[in-house]
Protein chains: 2
Amino acid sequence: MPARIKDVAKRAGVSVATVSRVINGGKNVSDEAKEAVKNAVDELGYSPNYIARSLVTQKNNMIGVIVPDLTASFFSVILSSIEKETSENNYNILICNIEEDLDKEIKYLNLFKEMRVDGIIVMHEKADDRIINLMNEISIPIIFCSCVVPCVNATAIIINDFKASYDATKYLIDLGHRDIAFIGGDLRDTTSGKDRYDGYRKALEDNGINFNKEYVWFSDYKMKSGYNIMEEIIKSDKAPTAIYAVSDDMAVGALNCILDNGYKVPDDFSIMGFDGGMLIDSVRPKITSMQQPIREMGSIAIKTLLEHIETGSELPSQIVLKHKLIINDSCRKL
Amino acid sequence: MPARIKDVAKRAGVSVATVSRVINGGKNVSDEAKEAVKNAVDELGYSPNYIARSLVTQKNNMIGVIVPDLTASFFSVILSSIEKETSENNYNILICNIEEDLDKEIKYLNLFKEMRVDGIIVMHEKADDRIINLMNEISIPIIFCSCVVPCVNATAIIINDFKASYDATKYLIDLGHRDIAFIGGDLRDTTSGKDRYDGYRKALEDNGINFNKEYVWFSDYKMKSGYNIMEEIIKSDKAPTAIYAVSDDMAVGALNCILDNGYKVPDDFSIMGFDGGMLIDSVRPKITSMQQPIREMGSIAIKTLLEHIETGSELPSQIVLKHKLIINDSCRKL
DNA sequence: GTGAAAGCGCTAACAG
DNA sequence: CTGTTAGCGCTTTCAC
């Protein structure tokens, strides 16, 4: 069993209060006492019990993080920037991978509540009323990263998905494309699902291009889905000149499907992705993609959260970051 | 402030002990009492304080996880399988991304000790004496996943890296390659660094191929490094027919460099990767790679750990899993 | 500068 | 079946 504070006190010949003072900065302690305590700590290999301390200070320096898919590059990058920022500020993160399982999200939200975490960061693709209610009653500050949920005492870190998607589509239109297939996300997902779809449609409309329902597909952001949908597109009699997928993963899936079928990018099909993560540089041709400031989203999320926790600063309801088109080699001028 | 157990007790007209019993299974409680408590819990939105509970039960159901790079596909897959397994067993994971920073690893190891986590999973590429000493004195069970560190009370989940690397090299040799460049990891890293290098050399030796020092490069497993090293290889006057990289990421980096320089795979260069993760299927040509059972490594690590925690079962010093060559399209017969 | 003592919120004997 | 009570290990008044 690990040594306790009273063991250190006894060994150092002082009271537990003095030991506690030394451990927490050493104010108002004589140098001799300080010395004695330090020696005793070393000899006993003592380290304070975080749990007991949390109980009395009502603070545990923990941030709960909910993420839909740890293996998706987009989230893993956000996560790593969150981890970096928390670690530098002496906070720790408790990670839950929900895999689109709402029950699991609820379970973890409840756990975070029981754990009395100091804050929560949520990245997910959809939510239902149970989740929204739970978030409202939980009274722990929440930051949404790359998603929006109507909920009190929460901030959403997002880009303007509508505008970003509009700009991506417009870029293809400006290159001369009029037959642009759209591989979207889940429409229930406000930002990356619905907003990106709306941006696509509005860009078509503003440029006098008829909307063609058969060019539109919805899916789950994953590479495999992009591949499968592209297979359908190739099989169909409709032949778009450009494919716009709202995630890099789906764009790469589409790319591979095109290559596997003996077609060329961008000669036969142009491809536009979304996210602008490292994946777009790891394939050939490199993929043109609408970039979100991924690392920044994570770091701003956590900075906003920690500032709120430590200073009680007001949480803004949204922070909108800038998107940016990364032009690579997957789109050609018609 | 959240409701406490005594608030519930008062509201339900029972004692705190009864409330505690109801919360923890409800054995030995009358149905009326149970009802009253449940109602009070609902009305107050009560949830037990995890921290207080941990303090008295001396158990917090937390597993500390140390990972070198959250954004590397290899680790993110292991992590997700760890997360899945822990979540199903009502444990939670505390994640630390050390980014090859030994000081950070030490800091987190100490934190895990202070937190009294029930177990630790470590995936890292190198360690020094400070870390080994710390691990030995910490008296918390440790599982090493994909690495080995001499340390008591610990298990390593690994493949036979020497043999796997030997087999990978042998495959290239059997295809007729004799000029095989090797892009290795860090030699200080026993398994993925040294063992894989040794396997490569032994395969050459057993097949009567002279070892050529100029074909050997060491690096950090990352895609960018694979790219850079490949650039050097192309520039040099030595022209290997095959490139064997000990991570998929480096293999993909090499592939992209080859393509960017106008060469073809496998026509001009054959490429062999290591890990066999999802990355090998996301590029064209698909990469032939020596596969580790990645998800299995994570799940076996956590199963072994939890069993030890809950039953006190002996920790084996090693569990060696099977490797498997995944043959794709990046290697050709000479 | 230092120690005694009162909790933090909960569980687990121990009586009844 | 139920309540009382003694801690879990620590921090923090409050006296001295």
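Sequence lines set the chain letters: A, B, ... in the order given, protein chains first and strands last, and positions in each chain run from 1. Here the structure is a predicted model, which means the values were calculated and not measured.
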Inset, instruction - For B/Ile23 and for A/Ser30, locate the closest nucleotide of DNA chain C by heavy-atom distance; then report the residue assigned to the nucleotide nearer the 5' terminus. - result: A/Ser30
Legend entry - Side chains of B/Tyr108 and B/Asp103, donor plus acceptor under 3.5 Å: no
Inset, instruction - Tell me whether the OP1 or OP2 atom of D/dC10 has a side-chain N or O from A/Tyr46 closer than 4.0 Å. - result: yes
Inset, instruction - Give, ordered by number, those residues of residues 4-12 of chain A having at least one heavy-atom distance below 4.0 Å to an atom of DNA chain D; if nothing qualifies, reply none. - result: A/Arg4, A/Ile5
Inset, instruction - Check whether any side-chain heavy atom of A/Thr71 sits under 4.5 Å from a side-chain heavy atom of A/Ser76, and report yes or no. - result: no
Inset, instruction - Please check if any side-chain donor atom of B/Glu83 sits under 3.5 Å from a side-chain acceptor atom of B/Tyr91, or the reverse. - result: no
Inset, instruction - Using a heavy-atom cut-off of under 4.0 Å over every strand shown, decide if B/Asn49 touches base, sugar-phosphate, or nothing. - result: sugar-phosphate
Inset, instruction - Take the protein atom CG of A/Asn60 and the nucleotide atom P of D/dG9, then report the distance between them rounded to whole Å. - result: 19 Å
Inset, instruction - Between B/Lys27 and A/Ile51, name the one whose nearest nucleotide on DNA chain D is closer to the 5' end. - result: B/Lys27
Inset, instruction - Could you walk me through whether B/Lys222 and B/Asp220 pass the salt bridge (charged side-chain N to carboxylate O under 4.0 Å, His left out) test, one step at a time? - result: CA-CA 6 Å; B/Lys222 295 197 204 304; B/Asp220 62 2; 5.1 Å; no
Inset, instruction - Would you please say whether a donor-acceptor pair under 3.5 Å links the side chains of A/Arg116 and A/Ser54? - result: no
Legend entry - B/Glu88 with B/Lys84: basic N within carboxylate O range, under 4.0 Å: yes
Inset, instruction - At the 4.0 Å heavy-atom cut-off to chain B, mark where contacts on DNA chain C begin and end, going 5' to 3'. - result: C/dG9 to C/dA13
Legend entry - Side-chain donor-acceptor pair present, B/Tyr50, B/Asn92, cut-off under 3.5 Å: yes
Inset, instruction - For D/dT11, take OP1 and OP2 only and decide whether either is under 4.0 Å from a side-chain N or O of A/Asn24. - result: yes
Inset, instruction - Start with the C-alpha distance between B/Asp7 and B/Arg4, add both sets of side-chain angles, then the distance that settles salt bridge (charged side-chain N to carboxylate O under 4.0 Å, His left out), and finish with yes or no. - result: CA-CA 5 Å; B/Asp7 300 321; B/Arg4 294 146 306 165; 3.1 Å; yes
Inset, instruction - Under 4.0 Å between any heavy atoms, over every strand shown, what does B/Thr18 touch: base, sugar-phosphate, or nothing? Just pick one. - result: sugar-phosphate
Legend entry - Residue met sooner reading DNA chain C from 5', once B/Arg21 and B/Ala52 are mapped to nucleotides: B/Ala52
Legend entry - Separation of atom CG in A/Asn28 from atom C1' in D/dC14, rounded to whole Å: 14 Å
Inset, instruction - Check for a donor-acceptor pair, side chain of B/Asp128 on one end and backbone N or O of B/Ile131 on the other, with a separation under 3.5 Å. - result: yes
